[in-house]
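The structure appears right after this line, and notes come after that.
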Amino acid sequence: MNAMASVPTIGTELVFTRILDAPRALAFKVWTDPAHLAKWWGPKDFTNPVCEADVRPGGALKIVMRGPDGTDYPMTGAFIEIAPPERLVLNTTAFEDDAGNPRLEVLCTVIFTEYNGKTKLTLTTRVIKAGPEVAQALAGMQEGWSQSLDRLAQLLSKF
């Protein structure tokens, strides 16, 4: 199989499902509170020295992910829909060019469903915009989100 076959392109949707050992309201809070969001957002071994979230329709999201090698990966976004504790819709943008135009844009829909005292989380990501410069980021998108959601589950297990 061609390794490039699994690289998301414009219009590609990736769907992730996790059963989180936490009540739905807590899972929603950890997605929307910047202090918690900073602890799990991003792949394994990444940190988030900047994490700001104005959680309301039209509110801004700004996260600077720092890789293990010290490289910063800034991203921004906006919350589109908020329906606590059931649903979040947001867009994220990253890899701005010299003029400040993002080379990558992704629409994320997060559904929180009550599941036997736990939370079934379903995250759907859809690539809206992707320039050729972000091919490496797209190639790691599935693994990056998987690791982020693993970190989320780990954080929730500590509550």
Q: Any chance you could lay out the side chain to side chain contact (heavy atoms under 4.5 Å, CB included) test for T9 and L138, step after step, and finish with the verdict?
A: CA-CA 8 Å; T9 57; L138 287 172; 6.0 Å; no

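- Taking CG of D45 as the start and CD of Q147 as the end, the distance is 8.0 Å to the nearest 0.5 Å.
- Hydrophobic clustering, with ILVMFWY side chains joined whenever heavy atoms are under 4.5 angstrom apart, groups F28 together with L26.
- Atom CH2 of residue W145 and atom CG of residue D150 lie 12.5 Å apart, to the nearest 0.5 angstrom.
- A donor-acceptor contact shorter than 3.5 Å links the side chain of R151 to the backbone of K39.
- One finds the OG1 atom of T109 at 5.5 Å from the CZ atom of R87 (value rounded to the nearest 0.5 Å).
- Between L61 and L37 there is a side-chain heavy-atom pair separated by less than 4.5 Å.
- Placement of L155 and I63 within a single hydrophobic cluster is found when ILVMFWY residues are connected by side-chain heavy-atom separations under 4.5 Å, directly or transitively.
- With a 6.0 Å radius and a threshold of 12 heavy atoms from other residues, nucleotides or ligands, F159 has its CZ atom above the threshold.
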Q) Given C108 and L90, is the side chain to side chain contact (heavy atoms under 4.5 Å, CB included) satisfied, shown in steps? A) CA-CA 5 Å; C108 301; L90 61 146; 4.1 Å; yes

Q: Could you go through the side chain to side chain contact (heavy atoms under 4.5 Å, CB included) check for L156 and T119 one step at a time?
A: CA-CA 11 Å; L156 285 168; T119 302; over 6 Å; no

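- When every heavy atom of P68 is checked against every heavy atom of F46, the shortest pair comes out as CD-CE1, 3.6 Å.
- Checking side-chain atoms of R103 against main-chain N and O of P132 turns up no donor-acceptor pair under 3.5 Å.
- Judged purely by atom type and a 3.5 angstrom limit, E105 has no side-chain atom pairing as donor or acceptor with the backbone of I128.
- The closest side-chain heavy-atom distance from P74 to E96 is not below 4.5 Å.
- At distances below 3.5 Å, at least one donor-acceptor pair connects side-chain atoms of K129 with backbone N or O atoms of P102.
- In terms of heavy-atom proximity, K118 sits nearest to D21 at CE-OD1, 3.5 Å.
- Rounding to the nearest 0.5 angstrom, the gap separating the CG atom in N116 from the CD1 atom in I19 is 8.5 Å.
- Criterion: ILVMFWY side-chain heavy atoms under 4.5 Å apart, direct or through other members. Under it, I111 and V106 are not part of a common hydrophobic cluster.
- R18 contributes a side-chain N or O that, together with a main-chain N or O of S146, makes up a donor-acceptor pair within less than 3.5 Å.
- Between T12 and M141, the closest side-chain pair of non-hydrogen atoms is not below 4.5 Å.
- When the shell of 6.0 Å around CD of E81 is examined, it contains more than 12 heavy atoms from other residues, nucleotides or ligands.
- L20 CG to T113 OG1: the interatomic distance, rounded to the nearest 0.5 Å, is 10.5 Å.
- Once rounded to the nearest 0.5 Å, the distance linking CZ of F112 with CG of L88 reads 5.0 Å.
- Crowding of D69 atom CG: a count of heavy atoms from other residues, nucleotides or ligands under 6.0 Å exceeding 12.
- Taking each heavy atom of I80 and P57 in turn, the nearest pair found is O-CB, 3.8 Å.
- Closest non-hydrogen pair, V55 versus I82, comes out as C-CD1, 3.7 Å.
- A side chain to side chain contact (heavy atoms under 4.5 Å, CB included) with M75 holds for exactly one of T93, T92, L104; it is T92.
- Counting non-hydrogen atoms of other residues, nucleotides and ligands closer than 6.0 Å to CD of E13 gives a total above 12.
- Note: W31 and W41 have perpendicular aromatic rings, judged against thresholds of 30 and 60 degrees for the angle between ring planes.
- Judged by distance alone, the side chain of N91 and the main-chain N or O of A78 form a donor-acceptor pair under 3.5 Å.
- A99 and D97 make their closest contact through N-OD1, 2.9 Å (heavy atoms, listed as atom of the first residue, atom of the second, distance).
- Side-chain atoms of N48 come within 3.5 Å of backbone atoms of A38 as a donor-acceptor pair (strictly under, hydrogens ignored).
- Closest approach of L14 to F16, counting heavy atoms only: CB-CE1, 3.7 Å.
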